[in-house]
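Structure first, then comments.
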Amino acid sequence: VIDVHALAAAVQLLGASWQPWLVVVPGILIGLIVHAVPGLTTSMALAICLPIIPYMDFLQALIFMTAMYAGALFGVAIPAVLLNVPGSAAAVGTTFDGFPMAQAGKHNEALGLALAASCAGQAVAYLLLLCLAQPIAAFAIKLGPPEMLVVSIWGLTLIARLRGRHMARGLLAGAFGLLLGTVGLSARGAPRGTFGIDLLLDGIPTVPAIVGLFAAAELFNLVGREFIVDDLTRRRVDASRILAGMRETFHHPGTLLRGALLGAGIGILPGGHAIANLLSYSEARRAAKDPERFGTGDPRGIIAAESANASSEGGSMATLLALGIPTGGATAVMLVAFSMHNITGGPSFMRDHADLVYAVILSSLAQVGILAVVGFAFIFVAGFIVKVRLRALVPVVLAMAVIGSFALAQNMAGPVTLVVFAIIGWLMQRFDYPVAAVVVGLLLGRLTEGALLRTYQMSGGDIGFMFTRPIALVLLALLVGSIVLPYLRALRSGIAANGTEKIGGQGKIV
Amino acid sequence: MAAPLPTFGFAGRRIAVDIPHLAFATGIVAWAVWFCRDAWRSARDVENLIMIVPASIAAVAFYIVVAAGCFHILDLAAPPVESPRRPLDRRLGLKIAGTMAMLAAFVVAGPLIGFDVASFAYVLAMLFFLGERRVLVLLLVPAVFCAVAIYSFDTILATPLPLLLVPGDSS
């Protein structure tokens, strides 16, 4: 499976000069810093750096961009944990348990967990890519709208699991989010729910909406308090506690590995990057014996979300390198960098430049170790957020989010969306609706609609078409299993409990 | 201590209603129905409605369940039903409302008068509003924030921002 000659050539390429390695630390730092600002995205950072790409040789440019990507993958977790503000859609799952941990004074452990899970997720994904680059490419080409539809529906089942204390409110919130996700032009160019505002034709800007929904819910409520963490002794940024968090990550190998594998698999799909963390979180919660602990500051929630988010990079890189297809904004910008060096991604790239592909994979594996060190140091800087008084932190974060939203959308749609969703988010929290359900719906609305429509067009409305798609059927079986199995398990344990009760003191289980 | 829900007499019974929650849920479903109608009027083809119609129907169905939960039918002698929410402390409520209002004002003012001046004014006003009284902090925090934010976005990230006083590189 591994082309040994190409691998040896890649090692030689990386070892021949120290120059390609010079860009790793700056790349990781840029990724980390950019995502500390709510509203800024990896694709934006990559695009900003495009002008310097022609001045680097191709390998150095690729290493620089993957380093930036690697930094960003962990960077999004920092505001998600410390402020409940996900830097991007990919960090939504991290907020569920990250912020409750921070509020309980466990921000050091939470960030340590996120860093270790991010590094481990990336390592697993790149090891997979190293061993299975060719088969992954062959697999990726077989994935189409029906498979994407099943994955999207899988993601939507998360809404039911995020229902909070009231099932109907959670489902109403999810349906609301789905509808919000479809605002804008339809596939045929019909405007929907735009109020006649041209800025909404492209849909509701997702990042400002998510920042608004999450930031509002917490920041508005925090205005009456002094600090995020009330207890003075718990506000310290403590290396031993960060390390304890990092160590704890490896006490949950099942959660870590499941997240990493799910992320790598879903990262192959277009848009999969945004779903991976949610799906992994959902599956970790489903598989847990005590799912009620999720959402209250459970380390497994952070591990599941972060490992999947990080490993989805490997998946999207596989699609980029093997097929020349970008699966998201960041990989699309990377493809532009390819063209700057007159190189086209795709099967011919894999065939003709296998040494370069392996060099990128090997350097990315090395970057994981560098990220662990740089990220650890960065936590010290970022951790000071909990020491800042909220009366200064709240306006600064809100102002940064507004400017970031404006910069992202380049018009008023970004900031206005942020404010509108900030108010909706606060009201939802007040009336005990799960804000996360709206976010899941919003993220998956357009994705599901597109996959549903293309599947419908491909099948001509014939449901039997799905039986001609073996991968879709396997995914469907997994989806049905993930829904039905917990109920069967609960039913079985219920029967067992009843049996024990009936038998009473005899200590037998029927 | 939660406040009791308002009650209304109906057919010899008393009905307690969670009016704020009912209004919020009704607002959501009203938008969903309007959105579905808007999409329907825009184009009645599968491409347009394949997702919107089922999701809207689901929203209405879930709303009915939520709305039903906002009504509590009571006997005449039954004690009042308490609101499921803790009442907002008056001072905290004012602070939250003020924070929302100032954020909205900043969003409108930023692009109009420039983010440099608007950011400075917004951060300063919020600091004061949230209880900061030290003059040095009141001046230093907005100034440092503006400098860092404008330099980062306008110069490093080359993102065009509307600015009034700062000669921007990209605007």
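Because the structure is predicted, anything quoted here is derived from the model rather than measured. Chain A is the first sequence line, chain B the second, and so forth, proteins listed ahead of strands; every chain is numbered from 1.
- In this structure, the side chain of R192(A) engages the main chain of N48(B) through a donor-acceptor pair within 3.5 Å.
- When side chains are defined from C-beta on, L172(A) does not count as touching V65(B), because their heavy atoms never get closer than 4.5 Å.
- Comparing V420(A), I403(A), L452(A) by heavy-atom pairs within less than 4.5 Å of chain B, the highest count is held by I403(A).
- Looking at L180(A), both its backbone and its side chain come within 4.5 Å of chain B, counting heavy atoms on both sides.
- W31(B) touches chain A through its side chain: at least one heavy atom from C-beta onward sits under 4.5 Å away, while N, CA, C and O do not.
- Between the side chain of T182(A) and the backbone N or O of I52(B) there is no donor-acceptor pair closer than 3.5 Å.
- Nearest heavy atoms, F406(A) versus P111(B): CE1-CG, 4.0 Å.
- Taking every heavy atom of both residues into account, P395(A) and Y122(B) meet most closely at O-CE2, 3.6 Å.
- Residues F106(B) and V419(A) form no side-chain contact, since every pair of their non-hydrogen atoms from C-beta on lies 4.5 Å or further apart.
- Aromatic pair Y433(A)/H21(B): ring centres closer than 6.0 Å.
- A salt bridge links R188(A) with D45(B); the closest basic N to acidic carboxylate O contact falls under 4.0 Å.
- Interface residue L88(B): backbone and side-chain heavy atoms are both found under 4.5 Å from chain A.
- Only the side chain of V141(B) has a heavy atom closer than 4.5 Å to any heavy atom of chain A.
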